[in-house]
Amino acid sequence: QDQLVESGGGLVQAGGSLRLSCATSGRTLRSYAKGWFRQAPGKEREFVAAISWTGSSKYYADSVKGRFTISKDNAKDTVYLQMNSLKPEDTAVYYCAAGLRAGPTAEYAYWGQGTQVTVSS
């Protein structure tokens, strides 16, 4: 119960695409806002994107605007992060998180284990 599991990471060439999935289990987390974060080697974890429970509010880091799209399917209890035009600097471990509010500075109390995304030059 109450867990987030990321999947969809992998190795792609620059300019390629990947779609990450975050599967949610537990009745409580199903209605939480969701966010995506990433952490590259030697860097702090940074905000990537977030979406409200209804899906009506979405937030993106400036570095991914126009390239990444966050979405969700409540029926499947899954949140997605479509990543297009990937760059080597997108290489990181991507984490899914859940909290009461969506946004870059919101508190996310629940975290998944992460999925590795590697973009080759």
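All residue numbers in this chain count up from 1 along the given sequence.
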Rounded distance [0.5 Å steps], CZ in F68 versus OG in S17
9.5 Å
Roughly how far, to the nearest 0.5 Å, is the CG atom of L11 from the CD atom of Q116?
9.5 Å
Can you sort out the partners of K87 under salt bridge (Lys or Arg N to Asp or Glu O under 4.0 Å), two or more places apart, ordered by chain and number?
none
Does E89 CD have over 12 foreign heavy atoms under 6.0 Å away?
yes
How does the hydrophobic cluster around V93 look, that is, which other residues are in it when side-chain heavy atoms under 4.5 Å mark a link?
F37, F47, Y59, Y95, Y108, W111
Quick one: list whatever passes side-chain contact (heavy atoms from CB on, under 4.5 Å) with [X], sequence neighbours left out.
X    : answer
S121 : P88
S71  : Y80
A33  : A102
R101 : A106

Heavy-atom closest pair (W53 atom, N74 atom, distance to 0.1 Å) is CZ3-OD1, 3.4 Å
Shortest non-hydrogen contact from V79 to I51?
CG1-CG2, 4.2 Å
Inter- and intrachain pairs under disulfide (SG to SG under 2.5 Å), touching residues 88-121, at least two apart
C22-C96
side-chain hydrogen bond (donor to acceptor under 3.5 Å, both in side chains) with Q82: which residues, sequence neighbours excluded?
N84
Which residues pass the side-chain hydrogen bond (donor to acceptor under 3.5 Å, both in side chains) test with S57, not counting sequence neighbours?
none
Dump the intermediate steps for side chain to side chain contact (heavy atoms under 4.5 Å, CB included) on L20 and E6, then the final yes or no.
CA-CA 7 Å; L20 305 184; E6 304 96 331; over 6 Å; no
Provide the full list of salt bridge (Lys or Arg N to Asp or Glu O under 4.0 Å) pairs with a residue in residues 46-58, sequence neighbours left out, each pair given once.
R38-E46
Residue pairs meeting salt bridge (Lys or Arg N to Asp or Glu O under 4.0 Å), one or both in residues 67-76, sequence neighbours left out, come to R67-D90
Path from L4 to L18 over hydrophobic side-chain contacts below 4.5 Å
no
Got a sec, which pairs hit side chain to side chain donor-acceptor pair (under 3.5 Å) with one end in residues 23-34, sequence neighbours left out?
R30-D77
